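Working notes, structure below.
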Amino acid sequence: MPTLLNESAQAIVDGSGTAIVRMAPQGEDWEVTRLSVKVSTRVNEAEANYYLTTICDDNRQEGTYSGSSGDTSDTKMFLNDGDPLFVVWTGADVGAIATVTLRGTKTTPIGGFRAAPAGGIR
């Protein structure tokens, strides 16, 4: 039975104006229906991009030019147990705190955790 997903994560913006947050479900699947981003200060307006699995152009799901002042995406994303979602801010204020919040539903797979691959965990 699905339950409410309401997860947040933060990162400190580094000296180049970049912050990266990695989030992944553990022992459950997530259906993300809202993704919100913001940065604690906004002297510079950051760009934020969202990636599934790895940070590369082919896996970019969406992005915003309002990554500091705040923006919300309603693009639906599905993450299976262990699949990472990365949010990358660029051009943000050095030392600021970048925050992402995910909302949607989470479901525990039938029988709990997925079985390890043949031969054990790798």
Side-chain angles (χ1 to χ4, degrees):
M1 177 172 185
T3 58
L4 180 64
L5 171 68
N6 185 9
E7 300 283 337
S8 293
Q10 297 179 321
I12 297 174
V13 179
D14 69 17
S16 70
T18 301
I20 300 173
V21 167
R22 179 190 185 277
M23 299 176 78
Q26 298 298 312
E28 57 195 15
D29 297 328
W30 292 352
E31 179 181 344
V32 178
T33 55
R34 267 177 95 83
L35 181 151
S36 300
V37 294
K38 66 179 180 178
V39 177
S40 61
T41 64
R42 61 177 190 240
V43 174
N44 296 313
E45 186 65 70
E47 182 177 341
N49 288 289
Y50 326 132
Y51 303 88
L52 287 179
T53 313
T54 59
I55 300 171
C56 69
D57 289 341
D58 288 345
N59 293 339
R60 183 180 175 277
Q61 301 301 297
E62 192 174 9
T64 179
Y65 292 108
S66 300
S68 292
S69 58
D71 199 3
T72 299
S73 169
D74 294 327
T75 299
K76 212 176 261 194
M77 290 180 267
F78 298 92
L79 287 86
N80 293 318
D81 179 17
D83 288 344
L85 168 70
F86 294 92
V87 180
V88 180
W89 287 263
T90 54
D93 299 333
V94 173
I97 299 170
T99 303
V100 58
T101 302
L102 306 179
R103 298 195 194 286
T105 57
K106 54 185 174 181
T107 307
T108 302
I110 295 174
F113 293 97
R114 291 192 167 83
I121 297 174
R122 297 175 197 185

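Atoms considered below: every heavy atom in the structure, side chains included; atoms not considered: hydrogens, waters and symmetry mates. Fair warning: this is a prediction, and the values are worked out from it, not measured in the lab.
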(message) Using the rule given for side chain to side chain contact (heavy atoms under 4.5 Å, CB included), can you reason through Leu5 versus Glu31, listing the C-alpha separation, both sets of side-chain angles and the distance that settles it, and then say yes or no?
(response) CA-CA 8 Å; Leu5 171 68; Glu31 179 181 344; over 6 Å; no
(message) Evaluate Met23 against Val21 for side chain to side chain contact (heavy atoms under 4.5 Å, CB included), listing each step before the verdict.
(response) CA-CA 7 Å; Met23 299 176 78; Val21 167; 3.8 Å; yes
(request) Please test Thr54 against Asn59 for side chain to side chain donor-acceptor pair (under 3.5 Å), starting from the C-alpha separation and ending with a verdict. (result) CA-CA 7 Å; Thr54 59; Asn59 293 339; 2.6 Å; yes
(request) Would you please test Thr64 and Glu47 for side chain to side chain donor-acceptor pair (under 3.5 Å) and show each step? (result) CA-CA 6 Å; Thr64 179; Glu47 182 177 341; over 6 Å; no
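Taking 4.5 Å as the limit, every side-chain heavy atom of Val13 sits out of range of all side-chain heavy atoms of Thr18. At a threshold of 4.5 Å between non-hydrogen side-chain atoms, the residues Leu52 and Leu79 count as touching. Thr105 is not listed as a side-chain neighbour of Leu4, based on a closest heavy-atom distance of 4.5 Å or more.
In terms of modelled atom types and a separation under 3.5 Å, the side chain of Asp29 and the main chain of Asp81 share a donor-acceptor contact. Judged by distance alone, the side chain of Asp93 and the main-chain N or O of Val43 form a donor-acceptor pair under 3.5 Å. A side-chain donor-acceptor contact under 3.5 Å links Asp14 to the backbone of Ser16. For the pair Thr72 (side chain) and Val37 (backbone), a donor-acceptor distance under 3.5 Å is absent.
Under the 3.5 Å distance criterion, with hydrogens and angles disregarded, a donor-acceptor pair is assigned to the side chains of Thr99 and Gln10.
Atom CG of Asp74 has more than 12 heavy atoms from other residues, nucleotides or ligands within 6.0 Å. Taking a 6.0 Å sphere around CZ of Phe78, one finds it holds more than 12 heavy atoms contributed by other residues, nucleotides or ligands.
Taking OG from Ser40 and CD1 from Ile97, the interatomic distance works out to 5.0 Å, rounded to the nearest 0.5 Å. Taking OG1 of Thr53 as the start and CD of Gln61 as the end, the distance is 8.0 Å to the nearest 0.5 Å.
Heavy-atom minimum distance, Arg22 versus Ala24: NH1-CB, 3.9 Å. Between Thr101 and Ser8 the shortest heavy-atom distance is OG1-OG, 2.9 Å. The shortest non-hydrogen separation linking Ala96 to Val39 is CB-CG1, 3.5 Å. Residues Asn44 and Ser68 come closest through the heavy atom pair O-OG, 3.2 Å.
Here Glu62 pairs with Ser73, Thr75 under the side chain to side chain donor-acceptor pair (under 3.5 Å) rule; sequence neighbours left out. Every residue two or more places apart in sequence or in another chain that forms a side chain to side chain contact (heavy atoms under 4.5 Å, CB included) with Thr3 is listed here: Lys106.
Hydrophobic clustering, with ILVMFWY side chains joined whenever heavy atoms are under 4.5 angstrom apart, keeps Tyr50 apart from Ile55.
With Ser69 as the fixed residue, the side-chain hydrogen bond (donor to acceptor under 3.5 Å, both in side chains) test singles out one of Arg42, Lys38, Glu45: Glu45.
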Contacts under 3.5 angstrom, residues 83-90 side chains, donor-acceptor by atom type, not counting sequence neighbours:
residue	atom	partner	partner atom	Å
Asp83	OD2	Asn80	N	3.1
Trp89	NE1	Gly67	O	3.2

